Amino acid sequence: MASLNVENLKVVYRGVILALNGVSLRAEPGEAVGLLGPNGAGKSTLVRAIAGLLHQYEGRVLDGKITLNGQDITHASALKVAALGLTPILEGRPVFRYLTVLENLTAAAHKLSPARARAITEEVFARFPRLYERRREQAGYLSGGEQQMLLLGMALLTEPRVLVVDEPSLGLAPILVEEVMRVLGELRREKGLTLILVEQNARAAFSLVERVYVLEQGRVAFEGSTQVAQSDADVMEFYLGAG
Ligand code: ATP
């Protein structure tokens, strides 16, 4: 189990666009935390900053600190962050579209011994029988829900301690959104994962997380328990459009 702490983070793109303006967030070991908020609020930016991916988007941390289990990862590379057990699942379902399902899983398992990779791949197929059925098909032909399951399977093959999942429900039918949330909850319980769930779909997030942060224009507009967020009319209406 692992903890994540973000303190007063400021992030700028191309030296001029201030996307995060002093964001603080923490996730205790084994906790599931939601990061909510409208388009452009800065959610993906926070994911990129945590995962060491900002420079790929011409962004950089201007100020503040990110620690993983007490270790400073503010300016760490994506490889370093991954080696410390934090795995991001980025938005837009970035599978290798021209590789088969099995090849995608194999690519994700590059850090593992062949025996360990085999064991976890079997676990992934047992958990997602549909992926097993389609293991020889190109990932680009999978449905959105299947691709999301493939990404979860790929993430499991990195043996994560912290999973940061960006908008898994995007474009999925409600029944599949429920399924994704259920699987994330199972994984968290079974593996003691710390989970950061980024969602525009607040209702979906509420079914999984116990605390939420609502971002608005690069700042935390609300922070509190899921229960308090759900009973706060301002949060529900203005920030989440779910009133
Ligand atoms: P969405 O749900 O639409 O992804 P978000 O809450 O994840 O929204 P971000 O994508 O983090 O928001 O964007 C935060 C701000 O940073 C926005 O004003 C956006 O235009 C800007 N931004 C994001 N990526 C870049 C980039 N690569 N270059 C310049 N500005 C960017």
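Note that the numbering runs from 1 along the sequence shown for the chain. In each ligand, atom 1 is the first atom listed, and ligand 1 is the first ligand listed. Given the structure is predicted, the values throughout are model-derived calculations rather than measurements. Both backbone and side-chain heavy atoms feed into the values below; hydrogens, waters and symmetry mates do not.
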Checklist entry - Under 4.5 Å between any side-chain heavy atoms of F128 and L150, yes or no? => result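 With C-beta onward as the side chain, the pair stays apart.
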Sequence neighbours left out, cut at 3.5 Å: what donor-acceptor pairs do the side chains of residues 50-57 make with other protein atoms?
none

Checklist entry - Around atom CZ of F96, are there more than 12 heavy atoms of other residues, nucleotides or ligands at under 6.0 Å? => result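 Not more than 12 within 6.0 Å, no.
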Next on the checklist: Heavy-atom contacts with ligand 1 below 4.0 Å: which residues, ordered by chain and residue number?
Outcome noted: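 Contacting ligand 1 under 4.0 Å are Y13, R14, I17, A19, P38, N39, G40, A41, G42, K43, S44, T45, R48, Y57, E91, E167, Q200.
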Checklist entry - R97 and Q138: side-chain donor and acceptor closer than 3.5 Å? => result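 Checked: R97/Q138 side chains show no N/O donor-acceptor pair below 3.5 Å.
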Checklist entry - Between Y132 and R135, is there a cation-pi geometry (under 6.0 Å to ring centre, at most 45° from the normal)? => result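 Yes, R135 sits over the ring of Y132.
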Next on the checklist: Check E91 with K43, please: is the shortest side-chain N to carboxylate O separation under 4.0 Å?
Outcome noted: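 No, no charged N to carboxylate O under 4.0 Å.
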